[in-house]
Number of protein chains: 2
Amino acid sequence: MAHSQASIDDTQIAPVELGDAGITRQEWVYLQLKEAVLTGQFVPGRSVTLRGIAQMLGTSPTPVREALRRLVAERALEAHGNRRVSVPRMTPAKLSDLCAVRANLEAFAAERAMPLIDDAHLERLWELDAEVDAAIEAGDIRGYLQRHRAFHFTLYDVGDASAVMPLIESVWLQFSPFLRLAIHHIGSDYIVDRHVEALHAVSARDAQALRFAIEADVREGLGSLTEQDWRELEAAG
Amino acid sequence: MAHSQASIDDTQIAPVELGDAGITRQEWVYLQLKEAVLTGQFVPGRSVTLRGIAQMLGTSPTPVREALRRLVAERALEAHGNRRVSVPRMTPAKLSDLCAVRANLEAFAAERAMPLIDDAHLERLWELDAEVDAAIEAGDIRGYLQRHRAFHFTLYDVGDASAVMPLIESVWLQFSPFLRLAIHHIGSDYIVDRHVEALHAVSARDAQALRFAIEADVREGLGSLTEQDWRELEAAG
DNA sequence: GTTGCTAATTTGTGATCACATTTTCAAATG
DNA sequence: CATTTGAAAATGTGATCACAAATTAGCAAC
């Protein structure tokens, strides 16, 4: 196997230069890598080397080492016994598990955030949903992933920092590389969501309806992959 | 303020030597620090320095740096804008938030684990609960914290690795330093739990009862601190 | 006694180096 | 042709150093 690139343009990261905005080099590397993972720039199974990333980002291995430790701790990357780090491969069991956790976590977060969502916040959410649809219409997968994520995170992240947000982010980091692959395989035509339903539930202050919408959104999004899809995906990869 | 040691013996870690059991130095440091956080060896507010930990554990700053990054990523420690790391202080809002997240997460995990718990597993849980009670009886706070944690984690961690376990562990890492402080203040006499109720629910395969027991256990444990307790704790610290 | 400033110390960061482990690849053996 | 063996290259790890930023200590001024 070794380098099964799975027909996706690889490692196209670091478009912006280090802004020197009081940010440490390690944090910059971390943000770059995280965004790359979330937008599916890293193919599952790909091994991530210290010096490779360092050279790609134009730094010494030191900041990369620390950034990788953070990402491994957040389950975005996977550390093997060989002391080597790679992008985790997805398995049916893992996907099912991740899907259940995500549904539970985000339904909880949405229900908790609902009372704190004001009109301005709600309007922002409508805008984001429109941008999501526009990205789908344009076939812009990377843009879709970013908008989609922005919608969900904006919905949950209200008021001061909640303890659930980092947990939700960790889950997203785990399924995102696979999601990109799946969308690329299935095509962007079949993407559906329950965003409108969720926003209506928020407007009506209907906690149960909101919970149902979020759970359905997750189930029909992540959990919709059938066994056949799996076989096709593995054959393609 | 600066060094408000809060009347708890400080930094009593690293009792065992590095076993050289194929484990990296960084991982060893990480495990040492994590155990110290979970058993409340680190007082909230205490600043953690690179060279300090390194000297205390007899290594160079390099492995410590990476271990700290991991712990910060898991929310066990807190990184400030000053580039300094410390044990997070607890606030009423944070505790309330953490308590709600924990109840939701562990009820979910317990409900999912229940069908997979066999008789041997159940017996192990009964043993652990007995050890918890014994530790309380003996007034062994540190032993209690370890057994208490073992009970909960053994209850949820069944079968192959689930995606919730790391999330639950992150939550525990966040409230553990405070829990130790609170127990030390309140005294070990008033410690109660719903472990027996939970195990009976497992035996009866009653998911709803199990969920109720876990939620009650969390609420009456973490969430029981009243405003008055807070004031007394702050006055003592 | 409090405030404000400067020097000394402490601390985190990033780079570099040496070393051990692992992987890779090619030649040799069956 | 498949398998094994060995050298060579690549990789992670830990230590050390130089440097910048932050904290602390000491001292003067009000």
Side-chain angles (χ1 to χ4, degrees), chain A residues 1-5 10-11 14 17-34 42 45-73 76-89, chain B residues 1-5 10-11 14 17-34 42 45-73 76-89:
Chain A
M1 54 158 114
H3 260 209
S4 53
Q5 302 295 67
D10 213 15
T11 54
E17 277 299 314
L18 176 66
D20 284 42
I23 206 174
T24 69
R25 227 167 166 82
Q26 169 269 139
E27 178 121 18
W28 180 76
V29 171
Y30 166 75
L31 291 174
Q32 295 292 322
L33 291 180
K34 188 166 81 171
F42 284 164
R46 187 183 202 281
S47 70
V48 178
T49 68
L50 229 55
R51 291 173 173 85
I53 302 291
Q55 189 174 3
M56 184 186 308
L57 264 53
T59 68
S60 86
T62 309
V64 178
R65 227 199 298 193
E66 302 177 40
L68 289 188
R69 291 259 182 252
R70 287 176 72 177
L71 290 166
V72 168
L77 299 178
E78 194 178 45
H80 301 79
N82 349 347
R83 300 175 169 186
R84 210 139 294 193
V85 173
S86 69
V87 184
R89 290 181 189 278
Chain B
M1 53 156 117
H3 260 209
S4 54
Q5 302 296 65
D10 214 15
T11 54
E17 277 300 314
L18 176 66
D20 285 43
I23 206 174
T24 68
R25 229 169 166 79
Q26 169 269 138
E27 178 120 18
W28 180 76
V29 172
Y30 165 75
L31 290 174
Q32 294 293 321
L33 292 179
K34 187 166 81 171
F42 285 162
R46 187 182 202 281
S47 69
V48 178
T49 68
L50 227 55
R51 290 173 174 85
I53 302 290
Q55 190 174 3
M56 183 188 307
L57 265 52
T59 67
S60 85
T62 309
V64 179
R65 227 199 298 190
E66 302 177 39
L68 289 188
R69 290 259 182 253
R70 286 177 72 177
L71 290 165
V72 168
L77 299 177
E78 193 178 45
H80 301 79
N82 349 349
R83 300 178 168 183
R84 206 139 299 191
V85 173
S86 69
V87 184
R89 291 181 188 279

(request) Scan A/Val48 against the nucleic acid and name what it touches under 4.0 Å (heavy atoms): base, sugar-phosphate only, or nothing. (result) sugar-phosphate
(message) I need the CD-C1' distance between A/Glu78 and D/dG12, as an integer number of Å.
(response) 17 Å
(message) I need the NE2-P distance between B/His80 and C/dG12, as an integer number of Å.
(response) 12 Å
(message) From CD of B/Gln55 over to C1' of C/dT11, roughly how many Å is that when rounded to an integer?
(response) 14 Å
(message) Please report the distance, rounded to the nearest Å, between CD1 in A/Ile23 and C1' in D/dA21.
(response) 16 Å
(message) Among residues at least two apart in sequence or on other chains, which ones pass side-chain contact (heavy atoms from CB on, under 4.5 Å) with B/Glu27?
(response) B/Ile23, B/Thr24, B/Leu31, B/Arg70
(message) From CD of B/Gln26 over to P of D/dA15, roughly how many Å is that when rounded to an integer?
(response) 12 Å
(message) Just verifying a value: how many Å separate B/Asn82 CG and B/Ser47 OG, rounded to the nearest 0.5 Å?
(response) 10.0 Å
(request) Would you mind reading off the distance between A/Leu77 atom CG and D/dG12 atom P, rounded to a whole angstrom? (result) 12 Å
(request) Could you name each residue pair satisfying salt bridge (Lys or Arg N to Asp or Glu O under 4.0 Å) that touches residues 50-60 of chain B, not counting sequence neighbours? (result) none
(message) Is there a side-chain contact between A/Trp28 and A/Leu57 in this structure, where contact means two heavy atoms from C-beta onward sitting under 4.5 Å apart?
(response) yes
(request) Starting at atom CZ of B/Arg69, determine the distance to atom C1' of D/dG14, rounded to an integer number of angstrom. (result) 17 Å
(message) From CG of B/Leu50 over to C1' of D/dG14, roughly how many Å is that when rounded to an integer?
(response) 13 Å
Can you pull every protein N or O that's under 3.5 Å from an N or O on nucleotides 16-23 of chain C?
| from | atom 1 | to | atom 2 | distance (Å) |
| --- | --- | --- | --- | --- |
| C/dT23 | OP1 | A/Asn82 | ND2 | 3.0 |

(request) Taking all non-hydrogen atoms of both residues into account, name the closest pair between B/Ala67 and B/Leu33 and its distance. (result) CB-CD1, 4.5 Å
(request) On DNA chain C, check which nucleotide each of B/Val85 and A/Pro63 is closest to and give me the residue with the more 5' one. (result) B/Val85
(message) Please classify the nucleic acid contact of A/Glu66 as base, sugar-phosphate, or nothing, using heavy-atom distances under 4.0 Å.
(response) nothing
(request) Report yes or no: does B/Ser86 contribute a side-chain atom to a donor-acceptor pair with the main-chain N or O of B/Pro88 at less than 3.5 Å? (result) no
(request) For residues B/Thr62 and A/Arg65, determine if any side-chain heavy atom of one lies less than 4.5 Å from a side-chain heavy atom of the other. (result) yes
